[in-house]
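Take a look at the structure set out below.
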Protein chains: 2
Amino acid sequence: MHKPAREIEKSLSTVGYRLTRPRRAVIKVLVQARRSLSLDEILIRARKLEPRIGLATVYRTLEMLTAEGHLEEVRTRTKRYMLACSNFSLHFHLVCERCQTVTELPSTPETQSLTAALQMRNFEPCGSAVEILGLCERCRNRGASETKPVHLRSSPPHVSEIPHNQSGLSKK
Amino acid sequence: MHKPAREIEKSLSTVGYRLTRPRRAVIKVLVQARRSLSLDEILIRARKLEPRIGLATVYRTLEMLTAEGHLEEVRTRTKRYMLACSNFSLHFHLVCERCQTVTELPSTPETQSLTAALQMRNFEPCGSAVEILGLCERCRNRGASETKPVHLRSSPPHVSEIPHNQSGLSKK
DNA sequence: AGCTTATTGAGAATTTTTCTCAATAAGCAT
DNA sequence: ATGCTTATTGAGAAAAATTCTCAATAAGCT
Ligand SMILES: [Mn+2]
Ligand SMILES: [Mn+2]
Ligand SMILES: [Zn+2]
Ligand SMILES: [Zn+2]
């Protein structure tokens, strides 16, 4: 499972990072969320803990946490972040493009051999998770409707008509 | 292998799309490139064939071609595009984050069983390729240097000091 | 309590993607 | 060929996402 906030913090300070309030806030948000979060979500939640935290700081902290191996970056239309699983070996993420849910695909003999195939080719995966984008079971089922626009030109969301910017981020 | 331009065009018009000069230009660019291209690259090349082609049109065409299954979208820092392989079943792309090269991982028993695992979970991968981001052999070798900034805050490129925008795209 | 300097916040600036709408041209039918 | 209908385009604005700048702040260490 995931490391507790305390452990992440200790790890960071050991490597020389300062343990600041904004950083703690972001970490806490990510630990408490039991799922992947978008930047917007992280920012909003972090501000409840640390009202003055800035946008750039959140980006910087996420970048740092990812680089240090505490986060996994999930690339959908826009990036999302979730705690890295202690399971350090290469594994798989099933990412639903509709509801953004990220499901871990447990390590099995099959996935193992795929890992071997990568080594054979001297390809070094970065990050410890391979992302497979698609539709989760739930979304797939009730998705018969808005699934396949014939001439597209319709694309976007599935959940709301809100401009897209889930919250106060855009310019002004 | 990849379909020739002619075939893609026929397929499009069959489905009801008009075969316009801008579209033909984009298709030609993609077919002639033997690798994945960034939007900038596509735009520049397309303009050599069709000088007045607009940015939005390129985006729209890429979106359309992808939706029609003629392109595969590769998501690195920014998206790239390459011709879809006729190999329609789920397969893997080894994407080098350094040099952007995309290598196909041929379908083997291992990859097959992974596909089965996805079906078992009722997860429907979108697009026919799973992308595995990492470092290719070449980049990995001569990468000892700029590989791992201790406190990051240094990240970016590896190839040039150019602002990042490889060419005339940005605002003005 | 004082020092040093990593880190922050605010806002500007970039970069990337999407949208708007009048003008254009592809495909089809004379 | 000529004309119609309307999908598609180009230009620019706008939106969205990310990165940068720099003075002010506050961790961590004495
Ligand atoms: Mn994981
Ligand atoms: Mn492929
Ligand atoms: Zn879903
Ligand atoms: Zn490479």
Side-chain angles (χ1 to χ4, degrees), chain A residues 9-10 12-26 38-43 46-47 50-66 73 75-81 149-157 162-172, chain B residues 9-10 12-26 38-43 46-47 50-66 73 75-81 149-157 162-172:
Chain A
E9 293 176 353
K10 183 162 69 173
L12 288 181
S13 66
T14 295
V15 191
Y17 288 100
R18 291 185 183 176
L19 236 40
T20 67
R21 289 180 54 85
R23 279 176 178 165
R24 282 176 193 269
V26 171
S38 67
L39 185 99
D40 278 14
E41 293 172 317
I42 295 172
L43 180 60
R47 280 188 166 152
E50 190 64 21
R52 294 184 27 75
I53 192 173
L55 168 63
T57 297
V58 174
Y59 268 112
R60 285 183 296 231
T61 302
L62 293 173
E63 184 187 10
M64 181 270 279
L65 289 174
T66 302
E73 220 179 64
R75 311 176 192 215
T76 51
R77 178 187 285 264
T78 74
K79 294 177 185 172
R80 301 179 68 79
Y81 304 85
V150 183
H151 261 206
L152 69 131
R153 189 46 73 84
S154 58
S155 47
I162 301 171
H164 179 202
N165 199 338
Q166 303 233 357
S167 56
L169 253 194
S170 70
K171 229 39 186 318
K172 178 176 32 303
Chain B
E9 292 176 354
K10 183 162 70 174
L12 288 181
S13 68
T14 295
V15 191
Y17 288 100
R18 291 184 182 177
L19 237 37
T20 66
R21 290 180 54 84
R23 280 176 178 166
R24 281 177 195 269
V26 171
S38 66
L39 186 100
D40 278 16
E41 293 172 318
I42 295 171
L43 180 60
R47 279 188 167 154
E50 190 65 20
R52 293 184 30 72
I53 191 174
L55 168 63
T57 297
V58 175
Y59 268 112
R60 286 184 294 230
T61 302
L62 293 173
E63 184 187 9
M64 180 270 278
L65 288 173
T66 302
E73 220 180 62
R75 312 178 191 213
T76 52
R77 178 188 285 266
T78 73
K79 294 176 184 173
R80 302 178 68 78
Y81 305 84
V150 184
H151 261 206
L152 72 130
R153 190 47 73 83
S154 60
S155 48
I162 301 171
H164 180 201
N165 200 337
Q166 302 233 357
S167 56
L169 251 194
S170 68
K171 230 40 186 316
K172 171 178 47 304

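Small disclaimer: the values here were computed from a predicted structure and weren't measured. Heavy atoms only: backbone and side chains are in, while hydrogens, waters and symmetry mates are out. Reminder, nothing fancy here: chain letters follow the sequence lines and each chain counts from 1.
Comparing D:dA17, D:dG12, D:dT9 by their closest approach to the side chain of B:A56 singles out D:dG12. Taking every side-chain heavy atom of A:Y59 into account, D:dT19 is the closest of D:dG10, D:dT19, C:dA26. For B:L19, the side-chain atoms get nearest to C:dG27 when compared with the rest of D:dG10, C:dG27, C:dT17. Minimum atom distance to the side chain of A:L55 is reached by D:dT18, of the listed D:dT9, C:dG9, D:dT18. Listed nucleotides C:dT8, D:dT8, D:dT18 differ in distance to A:T61; the shortest reach to its side chain belongs to C:dT8. Listed nucleotides: D:dG10, C:dT8, D:dT8. Nearest to the side chain of B:Y17: D:dT8. You'll find that the side chain of A:T20 is closest to C:dT8, out of D:dT9, C:dT17, C:dT8.
In this structure, CZ in A:R47 is found 13.0 Å from CD1 in A:I42, a value given to the nearest 0.5 Å. The distance from atom CZ of A:R24 to atom CD1 of A:I53, rounded to the nearest 0.5 Å, is 13.0 Å. For the atom pair A:T57 OG1 and A:M64 CE, the distance stands at 10.5 Å (nearest 0.5 Å).
Taking atom CD1 of B:I53 as the reference point, atom P of D:dA11 lies 10 Å away to the nearest angstrom. Remark: C1' of D:dA26 and CD of A:E50 are 12 Å apart, rounded to the nearest angstrom. Taking atom CG of residue B:D40 and atom P of nucleotide C:dT14, one finds them 16 Å apart after rounding to whole Å. Taking atom CZ of B:R60 as the reference point, atom C1' of C:dT24 lies 12 Å away to the nearest angstrom. Taking atom CG of B:L43 as the reference point, atom P of D:dT9 lies 14 Å away to the nearest angstrom. Between A:K10 atom NZ and D:dG28 atom C1' there is a gap of 18 Å when expressed in whole angstrom units. Here the C1' atom of nucleotide D:dG28 and the CZ atom of A:R21 are 16 Å apart, to the nearest Å. Distance CE (A:M64) to P (C:dT7): 7 Å, rounded to an integer number of Å.
Defining each end axis of the helix from C:dA1-D:dT30 to C:dT30-D:dA1 as the rotation carrying four pairs' C1' atoms onto the next four, with five pairs an end, the two axes are found to diverge by 40° to 10 degrees.
A:R18 pairs by the side chain to side chain contact (heavy atoms under 4.5 Å, CB included) definition with A:T20, A:R23, not counting sequence neighbours.
Across all non-hydrogen atoms, the minimal contact from A:S13 to A:K10 is OG-O, 3.0 Å. A:A25 approaches A:A46 most closely through the heavy-atom pair CB-O, 4.3 Å.
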Go through the steps to decide whether A:T66 and A:E63 satisfy the test side-chain contact (heavy atoms from CB on, under 4.5 Å), and finish with yes or no.
CA-CA 5 Å; A:T66 302; A:E63 184 187 10; 5.9 Å; no
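Position along DNA chain C of the nearest nucleotide to B:R24 versus A:P51 favours A:P51 as the more 5'-ward residue.
The side chain of B:R52 contributes an N or O atom lying less than 4.0 Å from OP1 or OP2 of D:dA11. For the OP1/OP2 pair of D:dT9 and a distance below 4.0 Å, the side-chain nitrogens and oxygens of B:R23 include at least one atom meeting the criterion.
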Please list, pair by pair, any protein nitrogen or oxygen found under 3.5 Å from a nitrogen or oxygen in nucleotides 3-6 of chain D.
unit_1	atom_1	unit_2	atom_2	d
D:dT6	O2	B:R18	NH1	3.3

